Amino acid sequence: MKIAIGCDHGGIALKSVVVTVIEELGHTVVDQGCFAKDSVDYPDYAAKVCEQVEAGNCERGILLCGTGIGMSMAANRRPGIRAALVQEEFSARMSREHNDANVLCLGARVLGPGLAEDLVRVWLTATFAGGRHQLRIAKFSD
Ligand code: RB5
C-alpha cells in the first residue's frame, strides 16, 4: 500500500519511527511534511494527507501531532475520511476491523516510540470485517 504521512512540529519526533515501521512492512511512504521543528499549523498537514487518501493516490494516511487530537478533529471533518485517534493496541485493531479507519492519528507527546511502533504495525496489519460494520459506516457516509 501507499501510506501518506503528515505531522506538525509536535508530532515530528515520531515520524521517523513510523516511517521505519511502514517500510519494514513493505509499504511505500508518501511524506507530506512537515520537515522541520518550526511551528506549523496541524490542519494544513491533515489536509495534505487526507487529500492523498481522498484522491486515491494513497490507500491510507497517518497523522502525528502532539496529542493526535487536533489532527483527528481536522481529518474527521472531511467526507470519506474515517480517522481514528488511538493510544492502545485494542483500539488500533478495532478501528480497522469494525470502523475501516483510513487515517490513523497518534500523539507524539503521549506515546513512547515502542508503543507507537506497535500501534502502526497492528493498524496496518488488521483488516476490515465488513458485513454489519459496512452498513453502519454507510449510515454516516455520503
Ligand atoms: C502543537 O503545539 C499542538 O497543539 C499540536 O501538535 C496538537 O497536539 C494539537 O492537537
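Indexing begins at 1, ligand by ligand and atom by atom, following the structure's order. Since the structure is predicted, the reported quantities are computational estimates derived from the model, not experimental observations.
- Considering only non-hydrogen protein atoms, atom 7 (C) of ligand 1 sits nearest to Cys65 SG, 3.4 Å.
- Within ligand 1, counting atoms from 1 as listed, the ones closer than 4.0 Å to a heavy atom of His9 are 1 (C), 2 (O).
- In this structure, atom 2 (O) of ligand 1 lies nearest to the protein heavy atom Arg109 NH1, 3.3 Å.
- Residues Ile3 and Leu25 are members of one and the same hydrophobic cluster, defined by side-chain heavy-atom contacts under 4.5 angstrom among Ile, Leu, Val, Met, Phe, Trp and Tyr.
- Close contacts of ligand 1 with Asp8, meaning ligand atoms under 4.0 Å from a residue heavy atom, involve 1 (C), 5 (C), 6 (O).
- Proximity of Leu64 to Leu106: side-chain heavy atoms (C-beta onward) are separated by under 4.5 Å at one or more points.
- When only interatomic distances are considered, the shortest N/O to N/O separation between Gly66 and ligand 1 falls below 3.5 Å.
- The protein heavy atom nearest to atom 8 (O) of ligand 1 is Thr67 N, 3.0 Å.
- Scanning all heavy atoms of the two residues, the minimum distance from Thr67 to Leu85 falls at O-CD1, 3.6 Å.
- Under the 4.0 angstrom criterion, atom 4 (O) of ligand 1 counts as lacking any protein heavy-atom contact.
- For ligand 1 and Tyr42, the ligand atoms under 4.0 Å from any heavy atom of the residue are 9 (C).
- For Met71, no heavy-atom contact with ligand 1 is shorter than 4.0 Å.
- A distance of 5.0 Å separates SG in Cys105 from CG in Leu63, rounded to the nearest 0.5 Å.
- Two residues are said to be in side-chain contact when any heavy atoms from C-beta on lie closer than 4.5 Å; Gln32 and Val49 meet this criterion.
- Between Val103 and Met71, every side-chain heavy-atom pair lies at or beyond the 4.5 Å cut-off.
- Contact of the Val53 side chain with the Arg78 side chain is not registered, since no non-hydrogen atoms from C-beta on lie closer than 4.5 Å.
- Polar contact with ligand 1: present for Gly70 (N/O pair, distance under 3.5 Å).
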